[in-house]
Amino acid sequence: MKILGQLQSNIRSAWPGIFTTITVIFVATIYLPSGTICATTRSGKQLMESECGSQLRHLQGNEAVREVSPPKLKGEWMSTRCEVRPGPQYLTRRYKFHHDNKFTLHQFYYTDHRCTEPAYTYKVKGALALQSDSLMLKGAREANYILDKVILMVYKDNYAKTLSKLLNKTCPGEYYPEVLQLFEKYTVFDWNRDDPYGDCIEGVAFTMHELQLMREEFHTEFDDKKSEFVSWHELFLGDVHTDNSLRTTHRPKTYQTPLRKYQTNCTVCQFMHDADENSPPKMWQNMDKTDVEVTLQGEFISTRCEVRQVYFVIRHIIFHHNYSWEAYYHYYNDPNCHHPEYSIYVKGTHTMGVHSTEVSGGTEFDFKTIEMWITPQNNMIKDQLNNFNENNCARRNSWRLNRPQEVTSTNGCAALGISLPYTEYELMRMETTKEGGVLLFTGQRPTLQTSPSSEELRPTSYQTPLMRCSGVNPLMQLAVTADTNGTGGAAGLTNSLCFILVLMVFSMLTVQH
């Protein structure tokens, strides 16, 4: 009884502290954004950590991705999803590189964006020779290739007729009857054939120029479910031109979706490994993915350090309920996104989505950018902006390192080739993963343009997907800095609440001690 009485006395004396703690937790639960963690540095500065911020921090300092140079190509590489090329063309790839520098490649094309209905297949044989590092794209290796033989097999009647017509443009009379026979092998390119009909692939705009540019990466991450580290290799090959008529003369400047090296513990690899022209894979039936209606709400961030023709970029896009949006674009000069060049923060509006009649599974939006802030993050960019001859990128000599500056009033920034306001004609697609995540695919940029600035340039393929996240980006306080009406925006509200909560906890501890 004496022990029980002492316990009751302790609870009564501790009750004010317990009540305060419960209050703090209650306020945090209601008002702080989902996924936000409040912390204080030794200097007393509050930090807002979130899923979005954690991902950005991970990408900027990612030591779990290592370049393999030169690429070690020997082995089997394959698609891990249904890929969409400009056109649109829906395909999967299974590439095998042999020890003697020769290769056997399969490209499986489909009628649908899920890659469940095979249309035709190219089987390609040839040889490859690695060259020096690319002078145009950091981290890439150039290569030369020679085709030996290209074999075509068709599975659908409408494609048999279309392909026959295109092949006969290059090699008149070679492909009769007018409709190719289904499941028959047609040699459309043969290096050893010395007559004019040895090369008939120009009419179908077939090329393997993607082999001219490549990069291999080795990835490592901790698998929470298995409680162990897992690793895999990825192979990036060169992009294809967004204009089909220029595809055969295009030399790659960026990458396509990476291929993954075959592993026995890779589920997708298993059924791709068994595929060939006689038995093309049906991708979606073997994947835990689901198409969902594109809903532009919440925050999305890059899943990897993305490549552009000159720079590398991490994107963080925030969609609001009133058809408005804002975005942070962090530009870097290295393929690991470790060395920043500059950041851009933009605000704008977008239209309602309309289902695409051209791209299966796609939804079309028009995005208008109205306001913009730029932050130079190295001295070279800062000096470039300061030395620009005219005052059409803010005021000349007004730029400071790591300090954002608005360029809305100067209608953009001519020094970076940006004009305001501008409209981009977008294509988007959304899907869920088996882990419950949401991926947002945005349109691939035109090869010869910086953005899809007209309806004719609206994308028919996609970039690397963004992942849905939540919370406020802790590395960019630009939303507060840029707010001209003094409200501070969502980030300002969150920082204020965090500060109040820290004071409450500190006061509680002080009273108790």
Engineer: Given 3.5 Å as the limit, does a donor-acceptor pair link the side chain of H241 with the main chain of D243, or not?
Structural biologist: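 Side chain of H241 to backbone of D243: a pair is present.
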
Engineer: Cation over ring, R308 on Y311, under 6.0 Å and within 45°?
Structural biologist: no

Engineer: Answer yes or no: is there a side-chain heavy-atom contact under 4.5 Å between L259 and M78?
Structural biologist: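 Of all side-chain heavy-atom pairs linking M78 with L259, none is under 4.5 Å.
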
Engineer: Given side chains that start at C-beta, do those of H350 and D366 come closer than 4.5 Å, heavy atoms only?
Structural biologist: no

Engineer: Rounded to the nearest 0.5 Å, how far apart are CG of L163 and SG of C200?
Structural biologist: 13.0 Å

Engineer: Apply the test side-chain hydrogen bond (donor to acceptor under 3.5 Å, both in side chains) to residues Y329 and H316: give CA-CA distance (whole Å), side-chain angles for both, the deciding distance (0.1 Å), then the verdict.
Structural biologist: CA-CA 7 Å; Y329 300 96; H316 179 189; over 6 Å; no

Engineer: Can a donor-acceptor pair be found, under 3.5 Å and without considering hydrogens, that links the side chain of S302 to the backbone of C305?
Structural biologist: no

Engineer: Under 3.5 Å, side chain of Q107 to main-chain N/O of R93, donor-acceptor pair present?
Structural biologist: no

Engineer: Identify whether the distance between the nearest side-chain nitrogen and carboxylate oxygen of K125 and D148 falls below 4.0 Å.
Structural biologist: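 Salt bridge: no.
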
Engineer: Classify the ring geometry of Y462 against F441: parallel below 30°, tilted from 30° to 60°, perpendicular beyond 60°.
Structural biologist: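 Y462 and F441: perpendicular rings.
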
Engineer: Does H273 form a ring-ring contact (aromatic ring centres under 6.0 Å, His included) with F271? I'd like the steps, not just the answer.
Structural biologist: CA-CA 5 Å; H273 172 68; F271 70 87; over 10 Å; no

Engineer: Closer than 3.5 angstrom, by distance alone: can the side chain of E217 be matched with the main-chain N or O of V68 as a donor-acceptor pair?
Structural biologist: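 Answer holds: no.
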
Engineer: Considering only heavy atoms from C-beta outward, does the side chain of Y122 approach that of F206 to under 4.5 Å?
Structural biologist: yes

Engineer: What I'd like to find out is whether the side chain of P252 reaches to under 4.5 Å of the side chain of D239, using heavy atoms alone.
Structural biologist: yes

Engineer: Can any side-chain N or O of S279 pair as donor or acceptor with the backbone N or O of D276 at less than 3.5 Å?
Structural biologist: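 Pair absent, no side-chain N/O of S279 close to backbone of D276.
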
Engineer: Can you give me the closest heavy-atom contact between K138 and F312, atom names plus distance?
Structural biologist: O-CZ, 3.5 Å

Engineer: Would R458 and Y425 count as a cation-pi pair here, with the cationic atom under 6.0 angstrom from the ring centre and within 45° of the axis?
Structural biologist: no

Engineer: To the nearest 0.5 angstrom, please state how far the CG atom of L130 sits from the CG atom of L211.
Structural biologist: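 Separation between the atoms: 10.5 Å.
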
Engineer: Carefully, step by step, assess F367 and W325 under the rule ring-ring contact (aromatic ring centres under 6.0 Å, His included).
Structural biologist: CA-CA 9 Å; F367 279 77; W325 63 284; 5.4 Å; yes

Engineer: In the structure I gave you, are the side-chain heavy atoms of Q256 and T464 within less than 4.5 Å of one another anywhere?
Structural biologist: no

Engineer: Give the ring-plane orientation class for F97 versus Y95, where under 30° counts as parallel, over 60° as perpendicular and anything between as tilted.
Structural biologist: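 Because their plane-to-plane angle is over 60°, the rings of F97 and Y95 count as perpendicular.
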
Engineer: Check whether E210 reaches the backbone of F236 with its side chain - one donor and one acceptor, N or O, closer than 3.5 Å.
Structural biologist: no

Engineer: Using the ring centroid of each side chain, check whether Y110 and Y90 are separated by less than 6.0 Å.
Structural biologist: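 Between Y90 and Y110, which both carry aromatic rings, the centre distance is not below 6.0 Å.
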
Engineer: Just to verify, which of R94, K96, R260 counts as forming a salt bridge (Lys or Arg N to Asp or Glu O under 4.0 Å) with E76?
Structural biologist: R94

Engineer: Do V268 and M272 make a side-chain contact, defined as non-hydrogen atoms from C-beta onward lying under 4.5 Å apart?
Structural biologist: yes

Engineer: Testing I201, T187, V204, L167 for side chain to side chain contact (heavy atoms under 4.5 Å, CB included) with L152, which one passes?
Structural biologist: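 Only one of I201, T187, V204, L167 forms a side chain to side chain contact (heavy atoms under 4.5 Å, CB included) with L152, namely L167.
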
Engineer: For I317 versus A327, what's the shortest heavy-atom pair and its separation?
Structural biologist: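 Minimum heavy-atom contact is CG1-CB, 4.0 Å.
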
Engineer: Quick one: pull up OG1 in T442 and CZ in R445 and give me the separation to the nearest 0.5 Å.
Structural biologist: 6.0 Å

Engineer: If you apply the rule salt bridge (Lys or Arg N to Asp or Glu O under 4.0 Å), what do you find for E117 with K156, and how did you get there?
Structural biologist: CA-CA 9 Å; E117 293 293 333; K156 299 287 185 182; 3.2 Å; yes

Engineer: Quick one: pull up CG in L128 and CD1 in I146 and give me the separation to the nearest 0.5 Å.
Structural biologist: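 Going from CG on L128 over to CD1 on I146, the span is 10.0 Å.
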
Engineer: For L385 and P376, work out which heavy atoms get closest and say how close.
Structural biologist: CD1-CB, 4.2 Å

Engineer: So Q463 and R315, do their side chains get closer than 4.5 Å, heavy atoms only?
Structural biologist: yes

Engineer: Within a strict 4.5 Å, meaning less than it, do heavy atoms of the Y186 and M153 side chains meet?
Structural biologist: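 SC-SC contact between Y186 and M153 ruled out.
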
Engineer: Please confirm whether the backbone N or O of H339 pairs with a side-chain atom of D334, one donor and one acceptor, at under 3.5 Å?
Structural biologist: yes

Engineer: Got a second to check how far L73's CG is from H98's NE2, nearest 0.5 Å?
Structural biologist: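 One gets 12.0 Å once the value is rounded to the nearest 0.5 Å.
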
Engineer: For ring-ring contact (aromatic ring centres under 6.0 Å, His included), just list the numbers for Y155 and F183, CA-CA rounded to whole Å, side-chain angles, deciding distance to a tenth of an Å, and then say yes or no.
Structural biologist: CA-CA 6 Å; Y155 315 112; F183 299 98; 5.4 Å; yes

Engineer: Would you confirm whether E431, through its side chain, and V438, through its main-chain N or O, come within 3.5 Å as a donor-acceptor pair?
Structural biologist: no

Engineer: Hey, does the side chain of T447 reach the backbone of T242 with a donor-acceptor pair shorter than 3.5 angstrom?
Structural biologist: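 The answer is yes, because a donor-acceptor pair under 3.5 Å joins these two groups.
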
Engineer: Quick one: sort the F229 and F222 rings into parallel, tilted or perpendicular, breaks at 30° and 60°.
Structural biologist: perpendicular

Engineer: What pair of heavy atoms forms the shortest contact from L439 to R81, and how long is it?
Structural biologist: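 Minimum heavy-atom contact is CD1-NH2, 3.6 Å.
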
Engineer: What do the steps show when you test S343 against Q377 for side-chain hydrogen bond (donor to acceptor under 3.5 Å, both in side chains), and what is the final call?
Structural biologist: CA-CA 7 Å; S343 293; Q377 293 179 295; 2.7 Å; yes

Engineer: Looking at M136, is its backbone amide N or carbonyl O close enough to the side chain of S134 to form a donor-acceptor pair, meaning the two atoms are under 3.5 Å apart?
Structural biologist: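 It does hold such a pair.
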
Engineer: Output the distance between atom CG (L166) and atom CD (E202), rounded to the nearest 0.5 Å.
Structural biologist: 11.5 Å

Engineer: Strictly by modelled atom types, are H330 and Y342 linked by a side-chain donor-acceptor pair under 3.5 Å?
Structural biologist: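 No pair is found: no donor N or O on one side chain lies under 3.5 Å from an acceptor on the other.
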
